[in-house]
Amino acid sequence: MITDTTPSNDRFLRALRREPVDRTPVWLMRQAGRYLPEYRATRKRAGSFLAMAKNPDLACEVTLQPLARFPLDAAILFSDILTVPDAMGLGLYFADGEGPKFERPVRTAEDVAKLAVPDMETELRYVMDAVRVIRRELDNRVPLIGFSGSPWTLACYMVEGGGSDNFSKIKAMALNAPDLLHRILAVNTDAVIAYLSAQRAAGAHALQVFDTWGGALSPAMYREFSLPYLTRIAHELERGAGAARTPLILFGKGNAPYLEALAASGTEGVGVDWTVELSEAARRTHGKVALQGNLDPAVLYGNPDAIREQVRQALDSYAEGNGGSRDGHIFNLGHGMSPDMDPEHVAALVQAVHEISAR
């Protein structure tokens, strides 16, 4: 494991510990992405998204691009949530205009029996090498966030064979063969824990789990097929102790109904989308966790004055629900940015967060 040293800008880590900070830290989901011309140039040079993600030097280059433009308070590893099922042998590929797909989806007991936790320093060594390269190049300026997809969200892609509008195949499995789905989720959970542990050992300062499709579940199904596995990760993922502890953030699109349960899971942070007021989220979680979020990404289509006002409202909403204090808040979007967003609007957002939240 990398001998850890505290980044010179550590407000993101202190906010996750709910400690006082000089201003609210900000990073953005998909901050390294197609809205940046330099990203598009790197991708063109690499030839494909996967070629970029599997080359540690290019993954580092793309990870650092938004930090060269904006005074962000954290970097996030450039990778993809589907690296884990790809390493399980499912054959990840990207179809033009259709997003990620798997050559060998998991739909039968025989398919499930073949699943195993990949070796993190062989099948997924390129991810760990990217973490190590990024840590070196960051030179402890800001923390590095590692991440994984959630067991449920990974299972969605594995069973559907790609993205889905209605998740008919995996929901049919949940109804008709729940034991089979639980076996998939158990293997995925073991893999996620091993994957995040390896990223931590390679140098990640914090870890995030993306439960992107948790909100597609009914409450009863969420409590059966997503929440228990998120809780297992929070309990079983070794993260250290005290100020040296590696904090975990659980983010889920559509997770507003489950904030109390997520706050009780053992995680250090909960990421929320824009469908719940931060004041309500703060009141319902009672200071048990830091909260991350929750600006609607579409706000970035507004002009800089409109963006600044929306930032102010989000910051004030969190403070309102947190006894007047801004501590324990990491500013972020409620989901990732889109390719047609203006980098100048991102700059306006980051500047507004730091200026308005200055203590």
### Task
Would you please say whether a donor-acceptor pair under 3.5 Å links the side chains of Tyr301 and Asp342?
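No, no side-chain donor-acceptor pair sits under 3.5 Å.
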
### Query
With a cut-off of 6.0 Å (strictly less than), are more than 12 heavy atoms of other residues, nucleotides or ligands near CZ of Arg283?
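Above 12, so yes.
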
### Asp165 atom CG: more than 12 heavy-atom contacts under 6.0 Å
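No, not enclosed.
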
Salt bridge flag under 4.0 Å for residues [X] and [Y]:
X      : Y      : answer
Arg359 : Asp22  : no
Lys44  : Glu38  : no
Glu268 : Arg245 : yes
Arg183 : Asp111 : no

### Message
Under the side-chain hydrogen bond (donor to acceptor under 3.5 Å, both in side chains) test against Lys54, which residue among Asp86, Thr83, Asp80 passes?
### Response
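Single pass found, and it is Asp86.
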
#### Entry: Lys288: side chain to side chain donor-acceptor pair (under 3.5 Å) partners, not counting sequence neighbours
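Expected list: none.
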
### Task
Locate the shortest heavy-atom distance separating Leu333 from His335; write the atom from each residue and the value.
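Shortest heavy-atom contact: CB-O, 3.0 Å.
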
### Task
Please report the shortest heavy-atom distance between Pro66 and Val62, naming the atom on each side.
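Shortest heavy-atom separation between Pro66 and Val62 comes out as CD-O, 3.3 Å.
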
### Message
With rounding to the nearest 0.5 angstrom, report the CH2 to OH distance, Trp152 to Tyr229.
### Response
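That separation rounds to 11.0 Å.
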
### Query
How long is the span from the CE atom in Met341 to the CG atom in Leu28, to the nearest 0.5 Å?
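Rounded to the nearest 0.5 Å, the CE-CG separation comes to 10.0 Å.
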
### Query
Sequence neighbours excluded, which residues qualify as ring-ring contact (aromatic ring centres under 6.0 Å, His included) partners of Phe167?
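Residues passing ring-ring contact (aromatic ring centres under 6.0 Å, His included) with Phe167: Trp213.
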
